[in-house]
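No experiment lies behind these values; they were computed from the predicted model shown. In the text below, chain A, chain B and the rest are named by the order of the sequence lines, each starting its count at 1.
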Amino acid sequence: MKYNLVRGTKDVLPGESGKWQYLTQKASYVYSVFGYCEIKTPIFEVTELFTRGIGETSDIVTKEMYTFLDKKGRSITLRPEGTAGTVRAYIENNLNTLPAPVKLYYIGPMFRYERPQAGRYREHWQMGVEAFGSDSPALDAEVITTALTLLKELGATGLKTNLNSIGCISPDCRPRYVTALKDFLKSRSEKLCDTCKVRLEKNPLRILDCKVETCRSVFNEPGIPKMPEYLCPSCGAHFNKVKEYLKLLKTDYSENYKLVRGFDYYTKTVFEITCDKLGAQNGVLGGGRYNGLVEELGGQPTPAVGFSVGLERLLMSLETLGVKFPDDDAPDVYIVTLGGEAIKKALVVAGELRGAGIKTIMACEDKSMKAQMKLADALKAKKAIIIGDNELKEGVAVIKDMASGTQQKVALTELKGFLSKT
RNA sequence: GUGGCUGUAGCUCAGUUGGUUAGAGUGUCAGAUUGUGGAUCUGAAUGUCGCGGGUUCAAAUCCCGUCAGCCACCCCA
């Protein structure tokens, strides 16, 4: 019987896995430099955490969750995003007693039951940060800077940062805007596509995301209400401060009044970083402020901001941008052995070299020298170490530099020192 | 969930209007005089032609279904 991957999942094979390590290490490094500590939360949680957190009517909750009943009949869901679980852990472990802001980062897989597509998997990895306990616009700016620093550190250029504020739920803020937007769009409803007509009632903000040309032309009319103009004084001041700080930091961003995000929990600042070379799924990184979520999930009222990068999409954009990754898979040395005595010696030598951190592969099988040299070449070994009868008699090994082809004899007792230097 | 394209050796693909033992390149393995790789040459192995059903004397080739991949919608990382 032959088995296949489950739809929408992917093996990360040698060659690729080194790139993943590189990305996760860079993320851990940058996040920790910004003061974040790693948190590992379970891959599954009770379903209600997500329905409450992300929003009952959101697409993720209504049709994209991997939900199942466990043996006791509890409804369990594979996490579709990282924030809800992190918030749950924050509340459950009383992390609010730590000095604020409490800064946490996570790296791990997320699961969404969607049709696979370019840049979209049912299991995908996210590397995100969450900062709890401060409503300061400086923190918003810092969080955005954290994201941009990571991307810069990785050599990503030409990515676009979009910024918006979607205000808060007080009546003179987002609800007032939604009403104004609805009124405006209703007056032009004959120009809207069918799905937008439905969205007009269900989720008017999302209409701004529509890709249909005729809809877009409506959004570009000068009279369309724009969220930033409808923010309440508090949210408006906050947004202005965020922008002021970003300018101070010389951050390259575009204010985009059409930017809205899929989760219900966002308030005030939202942002998104896209790569236009990725196809339809071009969002590489997304985040924002969510001041109501901690309370919604049963904690004390706690303001928070965060973002998350999609590992696969990040990797794809870096590759289309031509970024080179370090190749760590190639061994430093390949030990060629000729005969049983040589294998005994090679076992010992290999141990010494590995102890010194030298990446070593030795030939354990009795193959011809030619075959072994071919293997050394195929594995891209930097050096071949040849141990045969002649060498054993002399107490030496022949070291061949695979790139130049030059070789020299080195005493077996000196090998480790010799290779450590080169 | 909807739509379009695709599905032949590990990989990339040929396969003519349905017609004998399904091919190439690449990779793998082995060899080309005694202990040396990357070039060249020689040889070898590997396919339930995605799966199931149907039409036919005969199907990789036509039809239906199904699964999977890719891409797009929806939505998101």
If you go through the side-chain atoms of A/Asn390, does one of them form a donor-acceptor pair with the base of B/G35 closer than 3.5 Å? yes

Determine whether a donor-acceptor pair (N or O, by modelled atom type, separation under 3.5 Å) exists between the side chain of A/Thr337 and the backbone of A/Ile343. no

Could you tell me whether the side chains of A/Asn164 and A/Lys226 share a donor-acceptor contact shorter than 3.5 Å? no

Rounded to whole angstrom, note down the P distance from B/U55 over to B/U17. 25 Å

Donor-acceptor contact below 3.5 Å, side chain A/Arg289 vs main chain A/Pro303: no

Whole angstrom value for the distance that separates P of B/C74 from CD1 of A/Ile207: 13 Å

Report yes or no: is the cationic atom of A/Arg174 (NZ for Lys, CZ for Arg) closer than 6.0 Å to the six-membered ring centre of A/Tyr230, at no more than 45° off its axis? no

Any base atoms under 4.0 Å from A/Arg206, or only sugar-phosphate, or nothing? Heavy atoms, all strands. sugar-phosphate

Pick the P atom in B/G23 and in B/C49, then give their distance to the nearest Å. 14 Å

Per the 3.5 Å Watson-Crick/G-U criterion and a run length of at least three, the stems involving RNA chain B are B:1-7 with B:67-73, B:10-13 with B:23-26, B:28-32 with B:40-44, B:50-54 with B:62-66

Nearest nucleotide by nearest heavy atom, which residue falls closer to the 5' end of RNA chain B, A/Leu285 or A/Asp389? A/Asp389

Inter-nucleotide C1' distance (B/A24, B/C62), Å rounded: 26 Å

A/Glu312 atom CD is separated from B/A77 atom P, nearest whole Å, by 13 Å

Just checking, is any N or O donor in the side chain of A/Ser28 or A/Glu38 under 3.5 Å from an acceptor N or O on the other one? no

Run the ring-centre check on A/Tyr265 versus A/Phe263 and record whether the distance is less than 6.0 Å. yes

Would you please name every residue forming a side chain to side chain donor-acceptor pair (under 3.5 Å) with A/Thr269, sequence neighbours left out? A/Asp140

Between P of B/C73 and NZ of A/Lys63, the distance in whole Å: 13 Å

Taking the same atom, C1', in B/G50 and in B/C67, what whole-Å distance lies between them? 8 Å

Interatomic distance at P, B/C11 relative to B/G27, whole Å: 15 Å

From CD of A/Glu213 across to P of B/C73 the rounded distance in Å is 13 Å

May I ask you to say what A/Arg122 touches in the nucleic acid, namely base, sugar-phosphate or nothing, with a heavy-atom cut-off under 4.0 Å? nothing

Under 4.0 angstrom, heavy atoms only, what part of the nucleic acid is A/Glu114 near: base, sugar-phosphate, or nothing? base

Rounded to the Å, how far apart are A/Tyr113 OH and B/U2 C1'? 14 Å

Of all of residues 17-34 of chain A, which get a heavy atom below 4.0 angstrom from RNA chain B, listed by number? none

Please report the interatomic distance OG1(A/Thr360) to NZ(A/Lys383), rounded to the nearest 0.5 Å. 12.0 Å

Atom pairs under 3.5 Å: protein N/O with N/O of nucleotides 66-72 of chain B:
unit_1: B/G69; atom_1: OP1; unit_2: A/Gly8; atom_2: N; d: 3.4
unit_1: B/G69; atom_1: OP2; unit_2: A/Arg7; atom_2: NE; d: 2.5
unit_1: B/C71; atom_1: OP2; unit_2: A/Ala118; atom_2: N; d: 2.8
unit_1: B/A72; atom_1: OP1; unit_2: A/Ala280; atom_2: N; d: 3.0
unit_1: B/A72; atom_1: OP2; unit_2: A/Gln117; atom_2: NE2; d: 3.1

Length of the NZ-C1' vector between A/Lys367 and B/G35, whole Å: 17 Å

Stepwise side-chain contact (heavy atoms from CB on, under 4.5 Å) test for A/Leu139 and A/Tyr245: CA-CA 10 Å; A/Leu139 186 58; A/Tyr245 295 146; over 6 Å; no

Would you give the length of the straight line joining atom SG of A/Cys364 to atom CD of A/Gln372, rounded to the nearest 0.5 angstrom? 9.5 Å

Sequence neighbours left out, what pairs pass side-chain hydrogen bond (donor to acceptor under 3.5 Å, both in side chains) with at least one residue falling in residues 47-69 of chain A? A/Thr47-A/Ser75, A/Thr47-A/Thr77, A/Arg52-A/Glu296, A/Asp59-A/Lys63, A/Thr67-A/Thr77

Aromatic A/Tyr105 / basic A/Lys103 pairing, under 6.0 angstrom, 45° off normal: no

Any donor and acceptor pair, going by atom type alone, linking the side chain of A/Ser165 with main-chain N or O of A/Pro228 inside 3.5 Å? no

A/Asp59 CG to B/C75 C1': how many Å, rounded? 5 Å

Taking atom C1' in both B/C5 and B/U46, compute the distance separating them and give it to the nearest angstrom. 30 Å

When you compare B/A60 with B/C51, how far apart are their P atoms, in angstrom units rounded to a whole number? 11 Å

Under 3.5 Å, N/O pairs linking protein and nucleotides 36-45 of chain B:
unit_1: B/U36; atom_1: O2; unit_2: A/Lys400; atom_2: NZ; d: 3.3
unit_1: B/U36; atom_1: N3; unit_2: A/Gln407; atom_2: OE1; d: 3.2
unit_1: B/U36; atom_1: N3; unit_2: A/Gln407; atom_2: NE2; d: 3.3
unit_1: B/U36; atom_1: O4; unit_2: A/Gln407; atom_2: NE2; d: 3.0
unit_1: B/G37; atom_1: OP1; unit_2: A/Lys370; atom_2: NZ; d: 3.2
unit_1: B/G37; atom_1: O2'; unit_2: A/Asp377; atom_2: OD2; d: 3.2
unit_1: B/G37; atom_1: N7; unit_2: A/Lys400; atom_2: NZ; d: 3.0
unit_1: B/G37; atom_1: N1; unit_2: A/Met402; atom_2: O; d: 2.4
unit_1: B/G37; atom_1: N2; unit_2: A/Asp377; atom_2: OD1; d: 3.0
unit_1: B/G37; atom_1: N2; unit_2: A/Met402; atom_2: O; d: 2.8
unit_1: B/G37; atom_1: N3; unit_2: A/Asp377; atom_2: OD1; d: 3.3
unit_1: B/G38; atom_1: O4'; unit_2: A/Asp377; atom_2: OD2; d: 3.1
unit_1: B/G38; atom_1: N2; unit_2: A/Met402; atom_2: O; d: 3.4

Between OH of A/Tyr66 and C1' of B/G1 the distance, given in whole Å, is 14 Å

Rounded distance in Å between the C1' positions of B/A77 and B/C63: 42 Å

Any idea how A/Phe132 and A/Tyr90 line up, ring-wise: parallel (<30°), tilted (30 to 60°), or perpendicular (>60°)? parallel

Measure the spacing between CG of A/Leu353 and OG of A/Ser420 and express it to the nearest 0.5 Å. 8.0 Å

